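Notes follow once the structure below has been shown.
Keep in mind that this is a model prediction, so the values were computed, not measured.
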Amino acid sequence: ICKDHLRSLEVGGKESRVDDGGILYLSKHAHKLEELNCSENKLVTDISMADITSNSRLQQIYFSRNNSIDGSLCNYLSKLKKITTLDLSYCSSLDDSHISELASNRELCKTFVKLKFKYCKLISDEAMSKLIKYSKSLKEIDLSHCVKIGDNTVISLAGDTGSSWL
């Protein structure tokens with residue numbers, strides 16, 4: 001009934017009973033979905049993201065506090081044409097290789113407006129600088145508690161090419 005009109009779906013939360021099967025079904029039927037929130041839902045994994053990313057309208061993705069995903073999520077996300085908002089905060093397995101995978105799609109990076117990687121402790125300046133380099137529309141980024149992020153990322157955000165500033 002609502003498959004032709006559904007734009008946003010939130011199935012996050014520790015108590016959620018929606019799993020990969022529900023998301024896979026959704027990917028085949030809700031073609032106008034623009035926003036998907038699976039934050040804290042341990043039953044939704046990378047498996048379902050392979051199909052949901054075939055939905056070219058998906059623009060806002062919230063997967064924070066979801067440790068049941070691994071790096072293949074970024075591989076699937078990198079195939080999308082447009083993501084304005086991406087929240088992968090507290091995804092402890094996210095590392096530089098995953099961020100580099102996202103950065104490999106330069107056209108996709110140009111669409112990023114809001115990125116959240118809070119408490120992603122394996123992401124470093126090197127990978128984040130690559131991602132930022134192509135994220136020309138970026139307005140907001142959360143790198144709180146990312147212990148490998150330092151001045152080089154801040155310099156990248158400022159658009160500096162690395163000249164000496166001290």
No-hydrogen, no-angle side-chain donor-acceptor test under 3.5 Å, N41 and S16:
yes
For residues I61 and L80, report the shortest heavy-atom separation together with the two atoms involved.
CD1-CD1, 3.8 Å
Do F117 and V154 belong together in a cluster built from hydrophobic side chains that touch within less than 4.5 Å?
no
Same apolar cluster: L6 and V18, side chain cutoff 4.5 Å
yes
Before giving the answer on side chain to side chain contact (heavy atoms under 4.5 Å, CB included), spell out for K118 and H145 the whole-Å C-alpha distance, their side-chain angles and the decisive distance to 0.1 Å.
CA-CA 6 Å; K118 188 175 189 175; H145 304 283; 4.3 Å; yes
Pair K110-K82, side chain to side chain contact (heavy atoms under 4.5 Å, CB included): steps then yes or no
CA-CA 8 Å; K110 290 177 186 176; K82 181 177 184 179; over 6 Å; no
Going from OG on S135 to CG on L102, what distance comes out if it is rounded to the nearest 0.5 angstrom?
9.0 Å
Using side chain to side chain contact (heavy atoms under 4.5 Å, CB included), reason through L115 and D142 one step at a time and then give a plain yes or no.
CA-CA 6 Å; L115 297 173; D142 187 348; over 6 Å; no
Cut-off 3.5 Å, side chains only: do S89 and S64 have a donor facing an acceptor?
no
Connected to Y119, directly or through other members, by ILVMFWY side-chain contacts below 4.5 Å are Y90
Distance in Å, R7 CZ paired with Q59 CD, rounded so as to fall on 0.5 Å steps
10.5 Å
Is there a donor in the side chain of D125 and an acceptor in the side chain of T153, or the other way round, less than 3.5 Å apart?
yes
Taking L143 as the starting point, is it possible to reach L138 by hopping between hydrophobic residues whose side chains are less than 4.5 Å apart?
yes
C120 side, atom SG; H98 side, atom NE2 - distance, nearest 0.5 Å
11.0 Å
Spacing of CG belonging to D20 relative to OG1 belonging to T45, to within rounding of 0.5 Å:
3.5 Å
Taking the side chain as every heavy atom from C-beta outward, state whether S39 and N66 have any pair of such atoms under 4.5 Å apart.
no
With sequence neighbours excluded, what pairs up with Y134 under the ring pair (Phe, Tyr, Trp, His ring centres under 6.0 Å) test?
none
Distance in Å, L36 CG paired with Y62 OH, rounded so as to fall on 0.5 Å steps:
10.5 Å
L9 and L88: same hydrophobic cluster, using ILVMFWY side-chain contacts below 4.5 Å?
yes
If hydrophobic clusters are built by linking Ile, Leu, Val, Met, Phe, Trp and Tyr wherever their side-chain heavy atoms come under 4.5 Å apart, do L122 and I99 end up in the same one?
no
As an exercise, state the distance from NZ of K121 to SG of C91, rounded to the nearest 0.5 Å.
13.5 Å
Quick one: do N37 and V11 satisfy side chain to side chain contact (heavy atoms under 4.5 Å, CB included)? Show the steps, please.
CA-CA 6 Å; N37 187 336; V11 292; over 6 Å; no
If I compare all heavy atoms of I123 with all of M128, which pair ends up nearest, and what's the gap?
CG2-CE, 3.6 Å
side-chain contact (heavy atoms from CB on, under 4.5 Å) partner of F112, chosen from I132, I141, T84, L131:
L131
Heavy-atom side-chain contact between C74 and L94 under 4.5 Å
yes
Does some side-chain heavy atom of F63 sit less than 4.5 Å from a side-chain heavy atom of D87?
no
For S100 and S97, indicate whether the former's side chain and the latter's backbone hold a donor-acceptor pair under 3.5 Å.
no
